[in-house]
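Comments concern the structure below.
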There are 2 protein chains.
Amino acid sequence: MKTIKNLKDKLLEEEIRKSVEEAWPLFIDFLKEKKARVTQARKIVLTQVFSRHDHFCADDLAAALATGPNHVSRGTVYRTLALMEEAGFVRVIRDTDVHAHYEHTYKHPHHEHMVCDACGDFIEFEDPKIIQHIEQACRDEAFIPRTHRLVVFGKCSKCSKAQKPA
Amino acid sequence: MKTIKNLKDKLLEEEIRKSVEEAWPLFIDFLKEKKARVTQARKIVLTQVFSRHDHFCADDLAAALATGPNHVSRGTVYRTLALMEEAGFVRVIRDTDVHAHYEHTYKHPHHEHMVCDACGDFIEFEDPKIIQHIEQACRDEAFIPRTHRLVVFGKCSKCSKAQKPA
DNA sequence: ATTACTGCAAAGCATTTGCAAATGC
DNA sequence: GCATTTGCAAATGCTTTGCAGTAAT
């Protein structure tokens, strides 16, 4: 069972090996530029990231590395993931802001949000066309939508004006 | 300073009073239907919700009610907020799933997500038109986008098939 | 009189952090 | 050799929960 691997697994392994082989040098470049160190732990985390399916959560990954020969501590996993995000190798799906925000719904139809990175302000906007496209996408996937959430992160007009070009 | 209120404040107060006056009976209906009880604490939370600006977070609201004559405990605030969400008076902006999910970015362009309420599966989709509309909306608001996140919640084709009409 | 709701404080959970020891440069 | 990283465990911050007392039906 363990010695015999089917073709699919072999291909997957090959794929992973290739991604790591390509990404690791890029990560090294990133670290060097940042004057950060190229460490064993960082390579292990990067490898583990690429060994996982498309979507994973930090804690699962940390759990996988909690024991065994490639042991990396939880703290380091989180720290490295943050680095990898900065380097552009991973993307966080639910963004970092920990606490949930609420808004009134009473006489307040659905709309989308922009959140300013600098001041945290919420800007509301609406676009029926976006909703139409979402609905179409759901039809294409035979997905039955219940609701959706669209948030654009960036800089609001006030903050981008305040911070003049360096 | 305290006795003299300007016009804007007066109008705002009026607005709030009206919303509460309209929403409270609806919440009562909701509670009755659910065979839940109509309590003082629930009215206080509802009032507080409508007294706040469009966006607020649970904890701030709880803090506001932690002391004073309209004292409601943190636990009750969270419980009532959940009820109000169920009743459709408020909407949560960052959804409930606590832990952040990551995904590879390496050779994996930006795309949107559908998440199945039932099985938790992530479905990826892409729609350049949606992105165009987002960009247009940002231009309209003079908002400088850095990135965005679009998640559609609902039921995937597998799960909606599995659960035949009752 | 029942039974649900509330307050409180304690538990939970994902994530972050402080610090001594280890490692890369 | 010196500075950065790591591991560990403790701290954090938001949210949930258990339970005994309180209030609504």
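These values consider heavy atoms only, across backbone and side chains, with no hydrogens, waters or symmetry-generated copies. Chain A is the first sequence line, chain B the second, and so forth, proteins listed ahead of strands; every chain is numbered from 1.
B:R52 has no carboxylate O lying under 4.0 Å from a charged side-chain N of B:D60, or vice versa, which leaves the two without a salt bridge. In this structure, B:E21 pairs ionically with B:R17, as a charged nitrogen and a carboxylate oxygen lie closer than 4.0 Å.
More than 12 heavy atoms of other residues, nucleotides or ligands sit less than 6.0 Å from atom CD of A:E22.
Positionally, the nearest nucleotide of DNA chain D for A:G75 lies more toward the 5' end than for the other of B:A58 and A:G75. Nearer to the 5' terminus of DNA chain C, by closest-nucleotide assignment, is the contact made by A:R74 (compared with the other of A:R79 and A:R74).
Atom-to-atom, NE2 of B:H71 to C1' of C:dG7 comes out at 7 Å; the value is rounded to the nearest Å. Atoms CD1 (B:I28) and P (C:dC5) sit 15 Å apart, rounded to a whole Å. When the P atom of D:dT5 is taken as reference, atom CE of A:M84 falls 16 Å away, rounded to whole Å. In this entry the distance linking CD1 of B:I44 with P of D:dA24 reads 11 Å, nearest Å. Across the protein-nucleic acid pair, A:F27 atom CZ and C:dG24 atom C1' stand 15 Å apart, rounded to whole Å. We find that NZ of B:K32 is positioned 13 Å from P of D:dA24, with the value rounded to whole Å. We find that NZ of B:K43 is positioned 17 Å from C1' of D:dA23, with the value rounded to whole Å.
Checked against the 6.0 Å centroid threshold, B:H104 and A:H55 do not count as a close aromatic pair.
Rotation axes derived from the C1' atoms of the five outermost pairs at either end of the helix from C:dA1-D:dT25 to C:dC25-D:dG1 lie 30° apart, to the nearest 10°.
At least one donor-acceptor pair closer than 3.5 Å links the side chain of A:T39 to the backbone N or O of A:R42. The closest donor-acceptor contact from the side chain of B:H101 to the backbone of A:V92 lies at 3.5 Å or more, if one exists at all. Between the side chain of A:T47 and the backbone N or O of A:K43 there is at least one donor-acceptor pair closer than 3.5 Å.
Close to D:dC14, at under 4.0 Å from its OP1 or OP2, lies no side-chain N or O of A:H101. Contact check, B:Y78 against D:dT16: no side-chain N or O comes under 4.0 Å of OP1 or OP2.
In the hydrophobic clustering of this structure, A:V115 does not group with A:L150; members are Ile, Leu, Val, Met, Phe, Trp, Tyr whose side-chain heavy atoms approach within less than 4.5 Å, directly or through other members.
Using a 4.0 Å cutoff on non-hydrogen atoms, the parts of residues 34-42 of chain A near DNA chain C are A:R37, A:V38, ordered by number.
The two residues A:H71 and A:A66 make their nearest non-hydrogen contact at CD2-O, 3.0 Å.
The side chain of A:T76 lies closest to D:dT6 when the candidates are D:dT15, D:dT6, C:dT15.
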